[in-house]
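Okay, so here's the structure we're looking at.
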Amino acid sequence: MFDTSGAKKLVEVRDLTMHFPIRTGLLRRLTGSVKAVDGVSFDIYEGETLGLVGESGCGKSTCGRAILRLYDPTAGSIRLEGEEIAHAPFDKLRRLRPKMQMVFQDPQASLNPRMTVAGIIGEPLMEHTKLNAAKRLERIYELMDAVGLNREFANRYPHEFSGGQRQRIGIARALALNPKFIVCDEPIAALDVSIQAQVVNLLEELQDRLGLTYLFISHDLSMVRHIADRVAVMYLGRVVELAPRDALFADPMHPYTTALLSAVPEPDPASHDDAERIILQGDVPSPANPPKGCNFCTRCPRVMEICRQIDPVIREIAPGRHVACHLYAEDTHKTAAHAAQPTEV
Amino acid sequence: MRDGVTPFVLDVKDLKTVFRTRGGEVHAVNNVSFTLKPGELLGVVGESGSGKSVTMMSLIRLLPMPPAEIRGGSVMFEGQDLARIPEEMMRAIRGARIGMVFQDPMTSLNPVFTVGYQIIEPLRTHMGLSKAQAATRAAELLDLVGIPDARRRLGDYPHQFSGGMRQRVMIAIALACDPKVLIADEPTTALDVTIQAQILELIKELRQKLGMAIVWITHDLGVIAGIADRVMVMYGGQVVEQAPVRELFANPQHPYTRMLLETVPHIRGERAAKLRVIQGQPPILSRAPDSCPFLARCPQAFDRCAHENPARFDVGPAHDAACFWDFKTGAKRDV
Ligand SMILES: Nc1ncnc2c1ncn2[C@@H]1O[C@H](COP(=O)(O)OP(=O)(O)OP(=O)(O)O)[C@@H](O)[C@H]1O
Ligand SMILES: Nc1ncnc2c1ncn2[C@@H]1O[C@H](COP(=O)(O)OP(=O)(O)OP(=O)(O)O)[C@@H](O)[C@H]1O
Ligand code: SF4
Ligand code: SF4
Ligand SMILES: [Mg+2]
Ligand SMILES: [Mg+2]
């Protein structure tokens with residue numbers, strides 16, 4: 001498994017916050033904000049895959065998009081190879097753009113239906129390089145080879161392909177400018193089970209070959225267990241646990257992670273006989289109005305008095321294991337006192 | 001077995017559904033046969049486009065005709081052949097004697113009516129209840145599916161409920177008229193795992209309370225492992241394997257099922273270094289196949305598979321598989 005000791009930090013995210021304004025009424029007055037991402041901090045090491053999991057609406061996509069600066073973050077810091085980009089101006093971003101790319105969930109919706117495969121893959125080359133037409137085509141063919149698309153398909157249109165093939169087109173486009181870092185936002189969610197394995201294997205192969213670093217966003221926990229080196233679990237705009245993959249799946253520490261993993265049905269009938277499933281009651285609160293104290297306190301099976309008062313800070317409680325929960329505070333008062341300070345993750 | 005002297009609530013034989021499109025015919029469902037016992041939960045799995053939804057839609061005749069055409073087969077339910085009865089009789093069965101739940105509750109609930117109205121309506125038309133009786137029953141149903149403060153929530157509109165609660169409402173509507181059979185098409189696919197766990201728990205509880213038979217379509221083998229009594233695997237518009245749930249997972253006998261079980265990663269136990277891939281594409285169903293539909297992707301394929309479509313062979317107790325290869329003897333089947 002990936003060893004972080006001595007590995008270089010490619011992306012460093014600190015207290016990243018992304019709030020969306022809520023406007024209501026005829027005058028579209030600002031009446032509140034959706035706290036989609038609410039102060040998250042983590043590092044992504046060069047060559048690793050960091051899995052980002054959590055339920056619908058917890059802020060995974062917003063987090064990934066903010067890191068790539070597809071949004072202007074409300075607050076916080078994002079460093080790419082040491083360079084601060086959270087509030088970088090457009091021309092600096094344009095220069096950095098080739099280094100970081102995104103693969104989207106819905107291959108159908110993310111590809112322009114009126115462009116050929118060659119056009120789609122070649123678009124970033126047109127925009128960011130000075131390659132002439134012949135060189136460009138050569139590069140397009142190279143990329144098609146890399147993702148396992150037959151060169152003869154270069155002049156076809158997206159609708160002529162299957163879902164898995166369309167996702168390959170999206171991956172080829174993301175690779176066009178030799179990026180270092182790719183945010184994969186649910187890249188397999190729209191694909192059939194038998195096709196998912198093809199795309200995941202391709203992503204793994206490309207990582208080995210090209211030394212890519214991935215932020216792999218998914219709600220499919222068993223696939224994340226397969227592909228990720230470390231895993232961050234989000235709940236309601238926060239990272240509640242971050243740990244090496246094997247440790248997280250074998251011994252989840254945050255009560256939400258424990259519940260989430262226990263809710264995943266295993267494809268093995270016998271495992272259901274004695275499964276002590278934790279069925280969480282109720283729904284996730286709205287990110288426009290998160291509860292006081294711990295964000296998980298309204299559903300947590302282990303909630304304590306302090307949880308409804310004080311927001312737990314994420315801390316490294318064992319090597320590489322970061323948890324935001326009062327159950328792991330040696331001294332809750334001390335933790336509370338630290339609450340105002342930024343944390344090192 | 002014409003007059004209800006049958007052990008089955010539903011007995012589907014040789015169902016054949018074809019779409020007539022401008023590009024030609026699509027043989028979506030090809031001689032599908034299956035049965036359902038009272039109280040049983042039949043899980044249906046299979047690749048996208050393998051005909052799971054069209055099969056179930058055909059038997060309750062909920063397909064647009066044209067382009068769909070039911071070209072053959074029988075669907076015996078309570079002594080009647082649903083493939084042959086007139087539409088107004090079908091209407092009295094659909095949504096009443098046979099309930100339905102679909103993947104996306106937002107598209108199946110009408111946004112302009114209150115949830116209460118949408119439960120009360122079928123109770124009045126199908127069960128002939130008075131307004132007051134229906135309202136009481138509607139509140140009971142919402143309560144049954146675990147919606148707190150049920151009576152008051154009857155006046156709320158669908159958008160005022162969360163995704164998980166809307167799916168509970170859909171289940172309440174499907175259960176309103178006390179169906180004999182419930183058809184659930186990917187009912188938890190759009191939900192989060194923790195909410196899915198709530199719904200699965202609810203279904204287990206309701207089955208015990210109400211004793212209805214359920215057909216549960218899903219692509220999630222984990223869900224199937226947890227709730228099904230029996231599993232039917234579909235591929236290319238056909239049933240390729242059918243077995244009790246434990247038998248199917250322990251002892252799969254069709255190459256597609258075997259590969260499918262290996263292609264999904266697990267959350268516990270050993271972690272595979274590389275995922276198994278099923279190479280190739282599903283078949284184009286432009287005509288009824290005269291070869292095995294899995295031929296192009298099958299590692300086991302041999303000459304016979306290319307010019308004969310395998311029948312469903314008995315391969316164990318209550319277990320059949322449509323394949324010419326016999327994994328138990330490790331040889332070609334000699335029938
Ligand atoms: N552009 C936007 N304007 C306002 N609110 C937004 C915007 N984008 C996202 N949100 C809200 O922010 C929250 C987080 O959304 P996000 O898409 O990041 O979640 P997610 O974890 O990716 O969920 P999913 O698994 O469903 O993709 C949600 O409540 C969402 O409604
Ligand atoms: N209205 C239609 N016109 C033409 N072909 C159709 C139509 N509806 C479905 N089909 C075809 O029928 C076949 C079976 O589709 P069906 O929806 O039953 O698949 P499924 O097994 O339910 O797949 P999924 O898992 O994606 O829901 C597919 O090949 C599909 O393209
Ligand atoms: S801080 Fe309290 S409510 Fe939050 S996860 Fe820990 S125990 Fe549960
Ligand atoms: S019949 Fe032949 S091609 Fe079809 S699944 Fe069996 S071995 Fe494979
Ligand atoms: Mg998302
Ligand atoms: Mg379907």
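Chain letters run A, B, ... following the sequence lines, proteins first, then strands; residues in each count from 1.
- Between Leu236(A) and Cys58(A) the shortest heavy-atom distance is N-CB, 3.7 Å.
- Contact annotation for Leu221(A): both backbone and side-chain heavy atoms come within less than 4.5 Å of a heavy atom of chain B.
- Contact annotation: the side chain of Asp185(A) never approaches that of Val103(A) to less than 4.5 Å [non-hydrogen atoms, C-beta and beyond].
- Heavy atoms of Gln281(A) lying under 4.5 Å from chain B belong exclusively to its backbone.
- Interface remark: of the candidates Leu261(A), Ile227(A), Asp220(A), Val224(A), Leu261(A) forms the most heavy-atom pairs closer than 4.5 Å to chain B.
- Ser286(A) pairs by the side-chain contact (heavy atoms from CB on, under 4.5 Å) definition with Ala288(A), not counting sequence neighbours.
- For chain B, the nearby parts of His226(A) are the backbone and the side chain; heavy atoms of each come within less than 4.5 Å.
- The most heavy-atom pairs under 4.5 Å with chain A, out of His219(B), Met165(B), Glu47(B), come from Glu47(B).
- Contacts between Ile278(A) and chain B at a heavy-atom distance below 4.5 Å are absent for every atom of the residue.
- Heavy atoms closer than 4.5 Å to chain A are found nowhere in Ala250(B), neither backbone nor side chain.
- With respect to the salt-bridge test (charged N to carboxylate O, under 4.0 angstrom), the residues Arg246(B) and Asp273(A) qualify.
- Per-residue counts of heavy-atom pairs under 4.5 Å with chain B were compared for Val284(A), Val193(A), Asp192(A); the largest is that of Asp192(A).
- For the set Ser56(A), Gly57(A), Pro269(A), the count of heavy-atom pairs under 4.5 angstrom toward chain B peaks at Pro269(A).
- A salt bridge links Arg299(A) and Glu55(A); the closest N-O separation between the charged side-chain nitrogens and carboxylate oxygens is under 4.0 Å.
- Considering Arg230(B), His319(B), Gln242(B) as possible partners of Glu247(B), the one that fulfils the side chain to side chain donor-acceptor pair (under 3.5 Å) test is His319(B).
- Residue Val200(A) touches chain B through its side chain alone, counting heavy-atom pairs closer than 4.5 Å.
- Ranked by heavy-atom pairs under 4.5 Å with chain A, the first of Thr194(B), Ile195(B), Asp220(B) is Thr194(B).
- Under the 4.0 Å criterion applied to side-chain N and carboxylate O atoms, Asp145(A) and Arg151(A) are assigned as salt-bridge partners.
- Between Arg258(B) and Glu262(B) there is no salt bridge, since none of the side-chain N atoms of the basic residue sits less than 4.0 Å from a carboxylate O of the acidic one.
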